[in-house]
Amino acid sequence: MELVSIIVPSYNEQETLPLFYKEIKDVANVFVENKINMEMIFVDDGSRDDTLKIIKEYAGKDDSVRYISFSRNFGKEAAIYAGMEAAKGNYVVLMDADLQDPPALLLEMYQFVRDDKYDSVATRRVTRKGEPAIRSFFARLFYKIMNKMSEIDIVDGARDYRLMNRKMADAILAMKEYNRFTKGIFGWVGFRTKWLEYENKKRAAGETKWSFWKLLKYSLDGIVGFSTTPLMFASWLGMAACIISFIVICFVVIRQMLFGGSAFGWPSMVCIFVFFSGIQLLCMGILGQYLSKTYLETKRRPIYIINEKNL
């Protein structure tokens, strides 16, 4: 019998886990009826509530439940990677516990990969109903910027919820970088992907762990991780500043020759100084982002540290 591994990153999800477990078990029963086994790998990302306790209760009564618990919060990207390393299935599924990723789609996703020769089936939201307007605006802006800057294709509204075959899962595991941006990695490894669209769903319970600033930082990580355009932008900006400064100097010299005494004035000098200083700091900041990522990669720290597991 084929095995489907479902990876569920969990961080402070004590309110949603009972609801999620009930729905996923209903889907698992349908899979078993179709002679397909299913394992669930919950990755506790250093939760501070009863998330791990609840997962252990499920593991104690259900042989298909396995879990990994981190020593601290390493982030969702690390949790996804840990779950994929532990997955034994012919097919690997990534999904959240908040039920924004409908478990009912799993059988359809599996059939597309098995019967239609796709390597993966991914999901995307066709609406952002219920999401703050400013958050939706910046999310769409990010996808536009990312697709302009990078050679990889990141679909607007794409979720991490996807089912993939073992070939694609192994390709993703081969990318052992410390600074991970899964949406970019999915696009970078390629393979034939089928997209399923569905209406945006609200969390079943609890609150989102992704604040605006966390999403902004995550977006910047994605841009730095999969595009060198910002470095080119810094070069272009420096070149433009040199041209502008040369034109300004020529203008000041000519005006001095024609009218005399017009090259003096502290306000204009200060403005020019601040302008070019700002450009220099901007370029240094862009370069610093790339250097910081390189610095973290060269340390070769583990992506995560396990505190306990039942694998």
Side-chain angles (χ1 to χ4, degrees), residues 4-11 39 41 43 45-46 68 70-96 101 109 113 118-124 142-143 145-155 158-195 210 214-215 217-231 289-306 309 311:
V4 176
S5 300
I6 299 180
I7 299 164
V8 189
S10 306
Y11 178 63
E39 67 170 356
I41 304 173
V43 184
D45 188 18
I68 298 170
F70 289 167
S71 61
R72 65 169 177 83
N73 178 238
F74 282 90
K76 185 179 179 181
E77 296 291 339
I80 289 174
Y81 189 79
M84 291 188 68
E85 282 194 315
K88 299 177 180 178
N90 310 91
Y91 303 92
V92 177
V93 178
L94 305 178
M95 64 188 309
D96 293 337
D101 299 335
M109 295 166 73
V113 174
Y118 285 100
D119 295 299
S120 74
V121 176
T123 59
R124 65 180 294 264
F142 162 73
Y143 285 112
I145 293 174
M146 191 68 189
N147 285 316
K148 289 284 186 181
M149 286 186 170
S150 176
E151 295 180 358
I152 61 173
D153 182 31
I154 301 181
V155 177
R159 301 277 298 174
D160 290 331
Y161 184 26
R162 74 169 58 206
L163 184 149
M164 68 193 84
N165 58 23
R166 173 49 60 180
K167 177 173 61 176
M168 182 171 177
D170 288 341
I172 292 170
L173 286 171
M175 299 181 67
K176 300 183 181 296
E177 56 206 60
Y178 180 80
N179 300 286
R180 305 188 67 78
F181 180 69
T182 300
K183 286 184 173 64
I185 291 174
F186 289 150
W188 191 89
V189 297
F191 295 103
R192 190 164 177 245
T193 298
K194 166 77 175 178
W195 287 95
W210 290 93
K214 283 185 177 180
L215 285 172
K217 181 179 181 299
Y218 185 61
S219 301
L220 292 175
D221 286 343
I223 292 172
V224 172
F226 285 89
S227 174
T228 57
T229 301
L231 289 175
Q289 284 294 315
Y290 282 89
L291 286 176
S292 67
K293 300 302 180 185
T294 304
Y295 171 69
L296 291 173
E297 292 290 345
T298 56
K299 282 178 173 289
R300 307 193 71 81
R301 289 175 176 169
I303 298 173
Y304 59 87
I305 298 175
I306 295 176
K309 60 181 179 179
L311 304 178

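Only heavy atoms go into these numbers, but all of them, side chains included; no hydrogens, no water, no symmetry mates.
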> Of all residues at least two apart in sequence or in a different chain, which pass the ring pair (Phe, Tyr, Trp, His ring centres under 6.0 Å) check with Y91?
Replying inline: Y110
>> Rounded to the nearest 0.5 Å, what separates atom CG in D101 from atom CG in L94?
In response: 9.5 Å
> Any idea which heavy atoms bring P9 and I80 closest together, and the distance?
Replying inline: CG-CG1, 3.9 Å
> Among all residues two or more places apart in sequence or in another chain, which pass the salt bridge (Lys or Arg N to Asp or Glu O under 4.0 Å) test with D119?
Replying inline: K167
>> Holding to salt bridge (Lys or Arg N to Asp or Glu O under 4.0 Å), I want the full list of residues that pass it with R166, two or more places apart in sequence or in another chain.
In response: D170
> With Y118, which residues qualify under ring pair (Phe, Tyr, Trp, His ring centres under 6.0 Å), at least two apart?
Replying inline: none
>> Can a donor-acceptor pair be found, under 3.5 Å and without considering hydrogens, that links the side chain of N73 to the backbone of G46?
In response: no
>> Using modelled atom types and a 3.5 Å cut-off, is there a donor and acceptor pairing between side-chain atoms of D45 and backbone atoms of G75?
In response: yes
>> Taking the side chain as everything from C-beta on, heavy atoms only, tell me whether Y81 gets closer than 4.5 Å to I185.
In response: no
>> If I compare all heavy atoms of A79 with all of I7, which pair ends up nearest, and what's the gap?
In response: O-CG2, 4.4 Å
>> Are the side chains of T182 and K76 in contact, using a 4.5 Å heavy-atom criterion?
In response: no
> Between V92 and A169, which heavy-atom pair has the shortest distance, and what is it?
Replying inline: CG2-CB, 3.9 Å
> Can you find a pair of side-chain heavy atoms, one from M168 and one from I172, that are under 4.5 Å apart?
Replying inline: yes
> What is the minimum heavy-atom distance between A86 and I68, and which atoms define it?
Replying inline: CB-CD1, 3.9 Å
> Can you name the closest pair of heavy atoms from E39 and G89 and give their distance?
Replying inline: OE2-N, 3.8 Å
> Can you tell me how far the CD1 atom of I41 sits from the NZ atom of K309, to the nearest 0.5 Å?
Replying inline: 11.0 Å
> Is there a side-chain contact between F191 and M164, using heavy atoms and a 4.5 Å cut-off?
Replying inline: no
> CZ of R159 to CE of M95: how many Å apart, nearest 0.5 Å?
Replying inline: 10.0 Å
> Which residues satisfy the side chain to side chain donor-acceptor pair (under 3.5 Å) test with S10, sequence neighbours excluded?
Replying inline: none
> When rounded to the nearest 0.5 angstrom, what distance separates OG1 in T123 from CH2 in W195?
Replying inline: 7.5 Å
>> Is the shortest side-chain heavy-atom distance between E85 and L173 below 4.5 Å?
In response: yes
> A78: what forms a side-chain contact (heavy atoms from CB on, under 4.5 Å) with it, not counting sequence neighbours?
Replying inline: F70, F74, I303, Y304
